[in-house]
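Everything on this sheet refers to the single structure shown next.
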Number of protein chains: 4
Amino acid sequence: MRIAFLGLGSMGLPMARNLARSDHNVAVWNRTVSRTNELDAVEVAATPAAAAGGADVVITMLSDDRAVDAVTLAEDGLAAGLREGAVHASMSTISAAQSRRLAAAHAEHGQRYVAAPVFGRPDMAESGALWIVAGGDAGAVDTCRPVFELLGQGMIEAGAEPEHANVMKLAGNFILVAAIEAMAEAYTLVRAHGIDTAEFHETIANRLFQSPIYAGYGGMIQAQRYEPPGFLLRHGLKDMSLALRSADEAAVPMPLASLVQHRLLSAVARGWGDIDLAGLGRVAAADSGDNTPS
Amino acid sequence: MRIAFLGLGSMGLPMARNLARSDHNVAVWNRTVSRTNELDAVEVAATPAAAAGGADVVITMLSDDRAVDAVTLAEDGLAAGLREGAVHASMSTISAAQSRRLAAAHAEHGQRYVAAPVFGRPDMAESGALWIVAGGDAGAVDTCRPVFELLGQGMIEAGAEPEHANVMKLAGNFILVAAIEAMAEAYTLVRAHGIDTAEFHETIANRLFQSPIYAGYGGMIQAQRYEPPGFLLRHGLKDMSLALRSADEAAVPMPLASLVQHRLLSAVARGWGDIDLAGLGRVAAADSGDNTPS
Amino acid sequence: MRIAFLGLGSMGLPMARNLARSDHNVAVWNRTVSRTNELDAVEVAATPAAAAGGADVVITMLSDDRAVDAVTLAEDGLAAGLREGAVHASMSTISAAQSRRLAAAHAEHGQRYVAAPVFGRPDMAESGALWIVAGGDAGAVDTCRPVFELLGQGMIEAGAEPEHANVMKLAGNFILVAAIEAMAEAYTLVRAHGIDTAEFHETIANRLFQSPIYAGYGGMIQAQRYEPPGFLLRHGLKDMSLALRSADEAAVPMPLASLVQHRLLSAVARGWGDIDLAGLGRVAAADSGDNTPS
Amino acid sequence: MRIAFLGLGSMGLPMARNLARSDHNVAVWNRTVSRTNELDAVEVAATPAAAAGGADVVITMLSDDRAVDAVTLAEDGLAAGLREGAVHASMSTISAAQSRRLAAAHAEHGQRYVAAPVFGRPDMAESGALWIVAGGDAGAVDTCRPVFELLGQGMIEAGAEPEHANVMKLAGNFILVAAIEAMAEAYTLVRAHGIDTAEFHETIANRLFQSPIYAGYGGMIQAQRYEPPGFLLRHGLKDMSLALRSADEAAVPMPLASLVQHRLLSAVARGWGDIDLAGLGRVAAADSGDNTPS
């Protein structure tokens with residue numbers, strides 16, 4: 001199969017590397033071309049359209065709605081190069097509305113569209129251990145399946161509407177961010193009472209929740225160490241804004257999502273957009289008068 | 001060892017049963033005496049003071065601050081019967097302030113006090129699988145250790161200040177309730193978009209978080225089934241109010257704790273205090289205009 | 001002067017009537033043409049472009065961003081008819097971003113743009129007592145001045161950036177909605193305690209705040225009567241969403257704005273979008289278990 | 001009439017001075033006795049009991065529940081000195097629960113109790129322009145009436161239950177604090193967009209709301225000047241905590257009250273408890289990354 005991979009960021013690069021190691025032919029494109037030097041055994045294309053030419057599946061892994069829109073629909077965008085019947089699998093975390101627009105645009109070109117956002121951080125991308133939420137026409141999803149198997153440890157079926165996959169991804173990220181905010185507040189409380197936070201963290205992560213999510217993010221909050229970042233706080237803000245937009249569309253009030261959105265916004269406003277998402281711990285600490293640099 | 005056990009509610013009864021099965025001598029007391037019929041091989045006392053007479057360790061497992069206060073400090077309370085040097089282990093979820101008061105009152109009588117609240121639901125009490133957070137003088141905690149080993153799968157050391165154990169317990173419960181509120185909102189969002197909530201729940205519980213907490217509470221929210229209750233919603237409200245009080249004492253703003261507190265209060269106001277804590281899902285559904293009876 | 005007035009809703013109609021009574025020549029356009037029968041002494045145009053032809057000032061008073069966008073920039077939109085140098089005064093409550101887009105589009109046509117949203121309800125539009133917040137090039141604002149004097153009791157200068165007028169209007173509406181939510185909660189509290197809410201309302205409106213806003217909205221909340229609506233609750237929701245978007249752009253966390261946004265969203269979700277904005281009182285009552293129909 | 005006045009803080013001193021200027025006999029007591037030097041024509045008592053001896057009406061104007069409790073019920077408290085049938089008018093902002101306790105305690109002594117908290121700042125106390133919310137037995141309130149007329153510009157009748165006056169006062173303060181938080185966020189938004197906040201403030205205070213409350217607090221927020229304080233921020237925090245307690249008692253969820261409570265708590269945690277209540281503006285500014293000292 002011929003695969004085009006567009007977007008070689010912290011997630012995209014290890015994903016593309018996993019594909020390059022397979023028997024498939026892989027073409028890549030990235031806005032900053034030097035980034036392609038990190039990959040062997042791939043063809044480097046000059047434009048998204050060129051990369052998409054001849055591909056069976058084109059994957060986009062880009063930062064946000066706007067980037068996916070441009071890379072797909074610009075004059076030299078992938079839609080201009082993709083043959084009829086081929087599939088665009090959009091694996092970025094984007095809005096449901098953007099997915100809807102892309103699906104419609106591809107349909108006009110006789111192309112197929114699958115929304116396939118992922119759960120997992122860069123190390124999971126590296127080891128092919130992502131969870132992939134796939135939404136779209138069953139045949140189109142089937143076409144992508146062998147590719148997804150190289151990238152992830154499993155697939156979650158979101159049904160025939162591509163945008164449903166985006167809503168599931170955003171809802172999942174929201175639950176994650178809520179857990180981080182809860183730990184941020186609770187660990188601050190425990191610390192303010194002069195209690196050993198390491199013992200508390202152990203209790204929460206390994207006894208009460210028994211969850212790697214709590215172990216990972218909670219560990220950073222406990223240590224008050226938010227760098228180097230795994231998942232950027234400002235990306236978390238973007239995701240919460242998209243989640244709230246999906247909430248507005250469906251008329252579902254989400255007070256907790258509103259809360260974490262403005263907490264993240266406050267972090268960005270204070271200049272902490274480029275630390276890890278766990279940095280909500282720094283907001284909680286600062287708001288309680290604890291400005292320990294970390 | 002001679003053990004007195006006061007309070008045979010949904011948690012206390014299975015705990016007392018585990019003690020009654022051991023080699024220790026066990027005396028019990030309960031406000032509603034008929035409840036003691038559920039236990040074999042125990043001595044039934046007429047008053048807390050009588051139960052405490054001759055005991056090495058007295059355990060209280062009662063509903064709230066007020067109940068523990070009364071059972072401990074009333075004229076025929078346990079403090080009136082307990083010998084010098086013996087230990088009162090308070091295993092209820094009570095406020096840090098109440099723990100402080102009890103510690104002081106026992107010290108005046110030459111008695112010792114350990115705060116030992118537990119994580120776990122009735123089925124875990126049944127199987128002796130609770131997690132016990134123990135705070136207090138190291139010697140007093142050591143005295144309780146063989147008893148705690150019969151009740152729980154492990155102990156978490158909160159240090160020499162009894163009230164630290166209470167703060168840890170309340171902070172832990174807060175993280176739990178926050179996770180439930182997050183699921184409540186997210187599952188409502190997913191449902192409103194016409195997405196299969198069972199698949200979403202599977203994703204959250206078993207892939208993203210891999211946590212029995214998410215599996216358990218999320219399962220109830222997914223099914224919109226909140227009865228029979230395991231942990232009463234109104235008890236969760238009580239715990240959040242106590243957590244906020246600890247936050248006020250330490251001047252730690254906890255916006256998410258405030259949010260879940262008033263969500264739970266709204267549930268109680270709507271007549272849902274006696275469903276399971278997962279019933280925050282019913283609040284989220286109702287607030288989005290979905291009044292599906294459940 | 002020749003004036004075109006586009007949009008004859010509950011605000012637009014009385015505003016247009018005030019202009020029709022003056023010496024100016026007035027052309028009107030409305031999507032539903034029958035609505036123009038309510039006006040004397042005006043010329044009825046078939047399209048926005050036709051209305052704008054020959055006008056010195058075109059006013060739009062439409063429901064939202066999308067409507068203003070369409071009426072301005074569609075093929076037969078006002079920008080297609082307006083002569084060079086003439087002014088489009090956008091008096092609707094729209095987003096700052098939309099104002100920016102309109103200003104740019106008009107500049108390309110050599111036309112001028114003023115953002116001039118208003119404070120006031122239909123009765124104030126009727127009596128020419130609106131407050132008009134005007135932003136844009138000083139010369140363009142001066143051109144509009146005689147028109148604004150017919151519509152309002154005064155002008156608030158927002159400076160040279162049109163969008164600043166929109167931000168001021170949205171920020172003002174937010175302060176208003178916050179006051180309503182506060183009264184909604186407080187009156188519910190007072191009622192739940194069995195206290196006479198009429199006396200409380202009198203205290204708040206006429207003694208503590210001495211404000212017609214508190215008198216008006218508070219009176220509806222006190223009486224739990226939200227119909228007929230003056231200002232639709234769902235329009236308030238739209239405004240709060242726009243205010244939050246301006247907050248996101250400027251990285252200003254607004255927790256209270258987030259709160260009122262999701263309270264209004266909940267009202268809409270429960271089917272109360274078409275009652276008065278004061279209907280936040282119904283949300284507060286319902287959330288406290290009081291479902292008194294009203 | 002003989003009046004005893006207990007508590008000569010920033011509110012109590014000018015109130016006592018207004019009474020001292022009248023024909024009544026006035027005895028005063030204050031914890032810090034030097035403070036009594038600020039008053040002429042009064043008798044200084046050594047204890048609350050001594051001050052209350054022979055009084056027809058005893059007024060307490062103290063900082064919080066605990067202080068009123070002590071001054072009333074301690075061994076040398078006012079209840080010990082007050083004759084049967086005389087009235088204790090508690091004018092401090094205290095909890096409804098505390099009012100209930102005091103009413104019961106006085107009833108046991110055959111004494112009468114009126115709760116009479118006030119709206120107004122020190123300058124209004126000075127000029128006898130307070131608003132007095134009076135709750136209690138009608139006869140007892142009548143006894144106080146001539147005294148209240150010297151202190152305030154009017155009385156608000158809360159009915160026969162003293163605690164209703166306290167709930168009304170707390171609910172009123174909540175509406176006030178909510179208005180301040182709204183201005184804090186809105187002015188921060190406007191400033192962040194580079195808009196002239198003075199013009200915005202003028203619009204809000206004098207056009208939209210036409211309210212001295214908005215003029216006063218908004219003026220401080222606009223100028224970002226919170227000292228010298230009129231009403232201490234930490235007293236506002238206390239009041240919001242009491243309001244939330246009344247909300248809990250009546251099972252009324254108050255999400256906005258929860259929000260302002262934790263915003264105030266955060267201000268106190270950051271060391272800003274002794275600036276003016278308007279200092280919520282400093283919290284909003286800081287959370288948006290603007291740490292302008294003020």
Side-chain angles (χ1 to χ4, degrees), chain A residues 96 119 131 133 154 156-159 161 163-164 167-168 170-172 174-179 181-190 192-196 199-200 202-204 207-214 243 246-247 249-257 259-260 263 284 287-289, chain B residues 96 119 131 133 154 156-159 161 163-164 167-168 170-172 174-179 181-190 192-196 199-200 202-204 207-214 243 246-247 249-257 259-260 263 284 287-289:
Chain A
F119 286 110
W131 286 102
V133 190
I156 295 147
E157 314 263 2
E161 298 293 337
E163 68 188 87
H164 285 182
V167 172
M168 286 175 74
L170 294 170
F174 156 60
I175 299 179
L176 169 66
V177 177
E181 172 68 18
M183 286 186 280
E185 296 184 12
Y187 288 44
T188 302
L189 174 69
V190 162
H193 276 273
I195 298 168
D196 178 6
E199 183 76 7
F200 182 67
E202 180 67 19
T203 302
I204 295 304
R207 290 167 192 156
L208 187 54
F209 283 95
Q210 302 165 40
S211 166
I213 294 283
Y214 283 81
S246 285
E249 280 179 15
V252 172
M254 297 182 73
L256 177 38
L259 188 152
V260 292
R263 298 289 277 180
D287 284 8
S288 75
Chain B
F119 287 109
W131 286 102
V133 190
I156 294 146
E157 314 263 3
E161 299 292 337
E163 70 188 86
H164 284 182
V167 172
M168 285 175 75
L170 294 170
F174 156 60
I175 297 179
L176 170 65
V177 177
E181 171 68 18
M183 286 187 281
E185 296 184 11
Y187 288 44
T188 302
L189 174 69
V190 161
H193 276 273
I195 298 169
D196 177 7
E199 183 75 9
F200 182 67
E202 180 67 20
T203 303
I204 295 304
R207 290 166 193 157
L208 188 54
F209 282 96
Q210 303 166 41
S211 166
I213 294 281
Y214 283 80
S246 285
E249 279 179 17
V252 173
M254 296 181 75
L256 177 39
L259 187 152
V260 293
R263 298 290 277 180
D287 284 8
S288 74

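Small disclaimer: the values here were computed from a predicted structure and weren't measured. Below, chains carry the letters A, B, ... as their sequence lines are ordered, and counting in each starts from 1.
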Of all residues at least two apart in sequence or in a different chain, which pass the ring-ring contact (aromatic ring centres under 6.0 Å, His included) check with A:Phe200?
->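 By the ring-ring contact (aromatic ring centres under 6.0 Å, His included) rule, A:Phe200 matches A:Tyr187.
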
Quick one: which of [options] has the most heavy-atom pairs under 4.5 Å with chain A, could you say?
{"options": "B:Arg263, B:Gln210, B:Glu199", "value": "B:Glu199"}
{"options": "B:Ser211, B:Ala179, B:Ala192", "value": "B:Ser211"}
{"options": "B:Ile175, B:Ile213, B:Leu170", "value": "B:Ile175"}
{"options": "B:Ala243, B:Pro255, B:Gly194", "value": "B:Pro255"}

With sequence neighbours excluded, what pairs up with B:Glu202 under the side chain to side chain donor-acceptor pair (under 3.5 Å) test?
->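 B:Asn206.
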
Within-4.5 Å side-chain heavy-atom neighbours: A:Phe174 and A:Val260 =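 Side-chain contact under 4.5 Å: yes.
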
So do the side chains of A:Met168 and B:His193 get within less than 4.5 Å of each other, counting heavy atoms only?
->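 When only atoms from C-beta onward are counted, B:His193 and A:Met168 do not touch, as no gap falls below 4.5 Å.
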
Is [X] close to chain B through its backbone or its side chain, or both, or neither, when contacts mean heavy atoms under 4.5 Å?
{"X": "A:Leu189", "value": "both"}
{"X": "A:Asp287", "value": "both"}
{"X": "A:Phe119", "value": "side chain"}
{"X": "A:Ala257", "value": "both"}
{"X": "A:Glu161", "value": "neither"}

What residue, out of [options], has the most heavy-atom pairs lying under 4.5 Å from chain B?
{"options": "A:Glu249, A:Arg207, A:Glu157", "value": "A:Arg207"}
{"options": "A:Ser246, A:Ala250, A:Ala247", "value": "A:Ser246"}
{"options": "A:Leu208, A:Leu176, A:Thr188", "value": "A:Leu208"}

Considering non-hydrogen atoms only, spot the tightest contact between [X] and [Y] and give its length.
{"X": "A:Ala178", "Y": "B:Ala182", "value": "CB-CB, 3.5 Å"}
{"X": "B:Ala171", "Y": "A:Ala186", "value": "O-CB, 4.0 Å"}
{"X": "B:Val167", "Y": "B:Ala96", "value": "CG2-CB, 3.9 Å"}

Part of [X] within contact of chain A (heavy atom distance under 4.5 Å):
{"X": "B:Ile156", "answer": "both"}
{"X": "B:Leu259", "answer": "side chain"}
{"X": "B:Ala251", "answer": "backbone"}

What's the spacing between B:Glu181 CD and A:Leu256 CG if we round to 0.5 Å?
->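 These two atoms lie 5.5 Å from each other.
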
